[in-house]
Q: 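My questions will all concern the structure given below.
Not measured: the values here are computed from a predicted model.
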Amino acid sequence: MTYTKYSASGNDFVIFHTFIEKNYANDAIKLCNRTEGIGADGLVVIVPSNEADFKWQFYNSDGSDAAMCGNATRAVSHYAFTNNLVASNEMQFLTGAGLIKSHVENDIVETQLTAPKVVKDEFTQDGFSWYLVDTGVPHLVTIVDDLELYNHDLCAKMRYEHNANVNFAKIENGIIKVRTYERGVEGETLACGTGMAACFLRANNLGLVKDSTFVYPKSGEELTLSKKNGAIYFKGAVKKVFVITI
């Protein structure tokens with residue numbers, strides 16, 4: 001098997017394509033292991049689809065499946081285009097959360113994410129004001145003045161109570177900085193695309209940022225989140241780290 005490792009804003013993924021659609025959870029655990037495997041936050045398997053250019057199966061590093069991953073949508077789009085799995089740099093593919101549309105231009109990829117759904121409007125818990133929205137997967141968002149307020153134990157507690165990823169966001173000069181605790185990883189990640197989208201949606205709804213703004217995850221890389229006709233677009237660079245045959 002030939003595998004490709006990608007990095008998208010600090011989120012890393014192992015990607016391969018196949019005609020065989022089956023459960024690859026054990027493969028995800030082995031391949032994503034950072035000591036004895038390739039090492040990644042997740043595994044993406046591309047399989048054929050009759051409804052779109054292709055379909056993906058996405059697994060977290062612990063083998064659990066996830067409906068969506070924003071950064072992975074950009075990485076897999078670049079992989080599909082550079083491996084000639086699609087006819088052009090414009091494509092659409094199926095995820096567990098629905099259809100994703102994307103555009104590849106060199107190493108910059110913009111994807112139209114699935115329509116967000118507000119699960120629970122503003123509520124207070126453990127001294128913070130929270131907002132729960134599904135941007136492909138559920139995300140808790142709290143807006144703070146200091147990102148050092150991010151607390152691992154609190155995030156782990158909130159994650160299990162609400163079955164959601166947990167995001168601390170800070171608005172600074174019209175841009176958003178984000179720290180995310182991610183399910184499946186069970187800890188803070190360098191970046192989470194759907195988490196950044198959730199933070200952008202919350203800040204935009206509150207009038208704190210414009211309909212297009214820069215967002216910076218913990219990795220420090222610059223991404224653009226935009227809202228056009230009610231849809232959320234996510235744009236940024238991806239990097240093919242290496243290709244390996246095992």
Side-chain angles (χ1 to χ4, degrees), residues 8-11 13 25 28-29 32 41-43 57-73 95-98 100 111 113-171 176-209 215-219 223 225 227 230-232 234:
S9 309
N11 241 170
F13 310 97
I29 294 170
C32 295
D41 292 321
L43 170 68
Q57 295 176 252
F58 183 89
Y59 300 89
N60 293 310
S61 59
D62 65 355
S64 61
D65 61 334
M68 251 291 285
C69 175
N71 286 317
T73 63
T95 70
I100 297 293
T111 57
L113 302 179
T114 52
K117 301 173 185 176
V118 177
V119 178
K120 189 175 182 180
D121 215 334
E122 188 172 352
F123 67 98
T124 301
Q125 185 175 337
D126 293 293
F128 294 95
S129 177
W130 301 95
Y131 173 81
L132 181 56
V133 61
D134 191 315
T135 49
V137 288
H139 280 275
L140 284 161
V141 175
T142 185
I143 296 177
V144 295
D145 294 327
D146 184 359
L147 284 180
E148 291 304 312
L149 291 171
Y150 175 94
N151 181 284
H152 173 88
D153 292 338
L154 173 61
C155 288
K157 172 177 173 288
M158 297 289 290
R159 171 261 189 270
Y160 282 103
E161 285 187 15
H162 298 273
N163 191 27
N165 300 285
V166 185
N167 303 268
F168 280 66
K170 178 182 178 181
I171 315 301
I176 308 172
K177 295 182 178 180
V178 180
R179 294 182 68 175
T180 302
Y181 180 101
E182 192 168 346
R183 297 184 309 178
V185 176
E186 304 310 332
E188 185 176 9
T189 55
L190 290 176
C192 175
T194 52
M196 287 184 276
C199 294
F200 164 71
L201 182 67
R202 178 59 171 162
N204 182 258
N205 287 344
L206 290 173
L208 301 176
V209 298
V215 183
Y216 296 87
K218 189 177 181 181
S219 68
L223 296 116
L225 268 294
K227 187 168 72 173
I232 293 181
F234 182 42

Q: Would you say the side-chain atoms of Ser61 and Asp41 include a donor-acceptor pair closer than 3.5 Å?
A: no
Q: Taking Asn11's backbone N and O only, do any of them form a donor-acceptor pair with Asn71's side chain (distance below 3.5 Å, no angle check)?
A: no
Q: Side chains of Asn167 and Arg202: donor-acceptor distance under 3.5 Å anywhere?
A: no
Q: Let me have the donor-acceptor pairs involving side chains of residues 113-120, under 3.5 Å, with sequence neighbours excluded, atom names and distances please.
A:
none

Q: Do the non-hydrogen side-chain atoms of Cys69 and Asn60 ever get within less than 4.5 Å of each other?
A: no
Q: Assign the ring pair Phe168 / Tyr150 to parallel, tilted or perpendicular, where the plane angle (0 to 90°) is split at 30° and 60°.
A: perpendicular
Q: Donor-acceptor pair, distance only, cut-off 3.5 Å: does the side chain of Arg183 make one with the backbone of Asn163?
A: yes
Q: Is the shortest heavy-atom distance from the side chain of Asn204 to the side chain of Lys227 under 4.5 Å?
A: yes
Q: Does Lys170 pair with Glu148 as a salt bridge, N-O distance under 4.0 Å?
A: no
Q: Are side-chain heavy atoms of Phe234 and Leu223 found at a separation under 4.5 Å?
A: yes
Q: Does a donor on one side chain sit under 3.5 Å from an acceptor on the other, for Glu186 and His152?
A: no
Q: Which residues satisfy the salt bridge (charged side-chain N to carboxylate O under 4.0 Å, His left out) test with Asp62, sequence neighbours excluded?
A: none
Q: Any side-chain heavy-atom pair from His162 and Lys157 closer than 4.5 angstrom?
A: no
Q: Quick one: are Val166 and Trp130 in side-chain contact, heavy atoms under 4.5 Å?
A: yes
Q: Measure the shortest side-chain to side-chain distance between His139 and Thr194 over non-hydrogen atoms and say whether it is less than 4.5 angstrom.
A: yes
Q: Is there a side-chain contact between Phe58 and Met68, using heavy atoms and a 4.5 Å cut-off?
A: no
